[in-house]
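Worksheet: one structure, shown below.
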Amino acid sequence: MTTYRSELIQTLIARGFLHQCTDLGALDAKAAAGPITAYVGYDATADSLHIGNLVSVMMLHWLQKTGHRPITLMGGGTTKIGDPSGRDETRVLVDDDTIRERMASQQTAFRRFLTYDSSATGAILANNADWLDGLQYISFLRMVGPHFTINRMLTMDSVKMRLEREQPLTFLEFNYMILQGYDFVELNKRYGCTLQLGGSDQWGNIVQGVELGRRIGNAELFGFTCPLITTSSGAKMGKSVSGAVWLNGDKFSPYDYYQFWRNTEDGDVIRFMKLFTILPLDEIARLEKLQGAEINEAKKVLALEATTLLHGADAAKDAAETARKTFEQGGIGDDLPTIEIPASELGAGITAFALFVRAGLATSNGEARRLIAGGGAKINDEKCAETTVVNAVGPDGIIKLSAGKKRHVIVKVTG
RNA sequence: GGAGGGAUGGCCGAGCGGUCAAUGGCAGCAGACUGUAAAUCUGCCGGACUUUGUCCUACGAAGGUUCAAAUCCUUCUCCCUCCA
């Protein structure tokens with residue numbers, strides 16, 4: 001087995017980030033010789049990053065930690081085009097204001113994993129709208145156009161998939177890979193960036209950038225991708241009982257985030273620890289020895305560490321404590337989602353099904369009724385009937401609603 | 001431009017003019033079993049309600065035929081295939 005000299009490459013490989021690299025040996029030599037600058041691009045497809053973005057953010061984190069400089073490139077320009085990769089339908093186009101809001105909102109998560117400052121390894125925030133918005137069509141075409149062949153572009157997975165599935169690929173989207181390639185060249189010129197990181201679905205786009213750099217900039221650029229993270233049962237990662245897993249706390253609470261990791265499948269725990277926590281590898285190796293039900297201990301470590309990284313130690317501890325009280329003691333934790341009901345309304349009595357809808361545990365009265373009929377609904381840990389009327393709180397002044405074993409909501413009374 | 005085929009619930013995909021809120025599968029939710037895991041089995045899976053029932057909305061869009069239309073007719077929109 002080849003050994004690598006740079007701490008960066010050693011770390012990325014040991015933790016399971018390597019999927020493909022354009023020239024691993026040369027990249028290793030370069031990283032060993034001195035600091036390099038690398039980037040990952042993020043389009044403003046939502047107002048928060050989600051769990052799918054986390055692998056690449058972790059790569060940037062390790063990059064910075066091993067003495068190099070990360071760039072988070074916001075796709076202020078490319079979002080207006082829409083990356084066809086991994087999509088079998090054209091993305092809905094969004095306007096400038098929305099893009100600006102989303103980019104700002106995404107920053108909170110980045111700052112948890114990266115340090116932005118003016119030091120040698122300080123992260124840089126860039127926006128490709130800065131150079132893409134002002135492009136002149138003809139001069140741009142003359143500059144990059146000769147270096148792309150349609151023959152080659154048609155072999156790209158993102159393009160092939162659309163054509164094979166007989167889904168339309170607009171000319172607008174077809175240009176995405178060219179712009180992404182140009183981004184790389186521009187970042188190289190502005191910041192001396194020589195490496196682009198990304199998910200395996202970005203491989204085609206990244207390679208285009210590497211080649212474009214060699215052809216028009218005479219720059220030696222590198223591409224490095226990480227595997228697409230799926231669970232061991234093959235499902236794409238990112239869904240939880242509460243929906244999509246967002247990194248912004250206001251969209252997905254620290255408690256939910258903790259629970260997401262806590263519910264990891266057995267077979268994924270160690271792999272996820274390497275990818276999504278900064279626990280030392282020897283510590284992870286120790287946890288790897290756990291078997292059977294003991295794996296739950298490893299899951300708690302995973303959940304606590306991952307939540308600490310994103311939301312801080314205090315929030316993570318609170319989440320862990322709430323989970324412990326709720327699941328191990330069948331009690332009530334402080335971090336459980338809470339809704340408030342005016343005392344007057346409660347005094348008049350609220351039927352059980354209506355209360356579950358109020359708490360967001362069911363999306364319609366019918367769904368709440370079905371939940372109750374199926375025996376999945378509990379009020380203060382007691383099964384209830386659809387017609388049960390709730391008109392008073394328990395001795396501790398609250399009502400605990402449960403939909404299944406994992407979703408709990410606390411009802412507090414106001415007024 | 002010509003000829004044909006298609007558009008069905010989050011996705012895929014059935015659907016003889018009445019028994020269709022629409023077979024299946026996937027996804028999702030709940031129950032059982034467990035370890036807050038996986039696998040498996042069971043139930044649910046458009047909405048409202050006074051829930052063995054009634055009403056509303058829905059099979060690309062708009063009209064029409066009929067006691068009755070996802071199913072037939074007309075026009076329109078979009079997609080695909082073949083020919084030019």
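In what follows, every chain begins at residue 1, and chains take the letters A, B, ... in the order their sequences are listed.
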Both distances below 3.5 Å, Watson-Crick or wobble geometry, any strand: find the nucleotide opposite B:A61.
B:U75
Using the P atom in both, what is the distance from B:U81 to B:A62, to the nearest Å?
28 Å
Any residue meeting side chain to side chain donor-acceptor pair (under 3.5 Å) with A:Q64, in chain and number order, not counting sequence neighbours:
none
Short N/O separations, protein against nucleotides 34-36 of chain B, under 3.5 angstrom:
residue, atom, partner, partner atom, Å
B:U34, O4, A:K405, NZ, 2.3
B:G35, O6, A:D266, OD2, 3.3
B:G35, N1, A:D266, OD1, 3.3
B:G35, N1, A:D266, OD2, 2.6
B:G35, N2, A:D266, OD1, 2.5
B:G35, N2, A:D266, OD2, 3.4
B:G35, N2, A:K299, NZ, 3.0
B:G35, N3, A:N296, ND2, 3.3
B:U36, O2', A:N263, OD1, 2.3
B:U36, O2, A:Q259, OE1, 2.8
B:U36, O2, A:N263, OD1, 3.3
B:U36, N3, A:Q259, OE1, 3.3
B:U36, N3, A:Q259, NE2, 3.4

For A:K317, does the NZ atom have more than 12 heavy-atom neighbours from other residues, nucleotides or ligands under 6.0 Å away?
no
For A:T78, which of A:Y42, A:Y176, A:Y182 qualifies under side chain to side chain contact (heavy atoms under 4.5 Å, CB included)?
A:Y176
Taking atom types as modelled, is there a side-chain donor on A:N248 or A:S105 under 3.5 Å from an acceptor on the other?
yes
Determine the interatomic distance between C1' on B:A58 and the same-named atom on B:C20; round to the nearest Å.
12 Å
Length of the line joining A:Q291:CD and B:A37:P, which is rounded to integer Å
18 Å
A:K378 NZ to B:G31 P: how many Å, rounded?
7 Å
Side-chain touch A:M74/A:L125, heavy atoms, less than 4.5 angstrom
yes
Only one of A:H408, A:K383, A:E382 forms a side-chain hydrogen bond (donor to acceptor under 3.5 Å, both in side chains) with A:S402, so which one is it?
A:H408
With nearest nucleotide decided by heavy atoms, which residue, A:G375 or A:E386, maps closer to the 5′ end of RNA chain B?
A:G375
Identify which nucleotide among B:A30, B:U51, B:A38 has an atom closest to any side-chain atom of A:L371, counting heavy atoms from C-beta outward.
B:A30
With A:W261, which of A:F252, A:Y255, A:F276 fulfils ring pair (Phe, Tyr, Trp, His ring centres under 6.0 Å)?
A:F276
Distance alone, cut at 3.5 Å: any donor-acceptor contact between the side chains of A:T322 and A:D334?
no
Partners of A:D314 by side-chain contact (heavy atoms from CB on, under 4.5 Å), sequence neighbours excluded?
none
P atoms of B:C72 and B:C16, separation to the nearest Å:
9 Å
For B:G4, which nucleotide is its Watson-Crick or G-U wobble mate, given both distances must be under 3.5 Å?
B:C80
Tell me which residues in residues 350-361 of chain A put a heavy atom below 4.0 Å from RNA chain B, sorted by number, or none.
none
Compare every heavy atom of A:K80 with every heavy atom of A:D96, then report the nearest pair and how far apart it is.
OD1-CE, 3.1 Å
Return the nucleotide paired to B:U19: Watson-Crick means purine N1 to pyrimidine N3 with N6-O4 or O6-N4, wobble means G-U with N1-O2 and O6-N3, both under 3.5 Å.
none
Checking base pairs now: Watson-Crick or wobble, both atom distances under 3.5 Å. What partners B:A37?
none
Just by protein heavy atoms under 4.0 Å, how would nucleotides 20-26 of chain B read 5' to 3' in B, S and -?
-------
List the protein contact pattern of nucleotides 41-47 of chain B with one symbol per nucleotide (5' to 3'): B for base contact, S for sugar-phosphate-only contact, - for none; contact means a heavy-atom distance under 4.0 Å.
---SS-S
How far does the C1' atom of B:G17 sit from the matching atom of B:U65, given to the nearest Å?
11 Å
Between A:M58 and A:T277, what is the shortest heavy-atom contact and its length?
CE-O, 4.0 Å
Do A:Q180 and A:Q196 have side-chain N/O donor and acceptor atoms under 3.5 Å apart?
yes
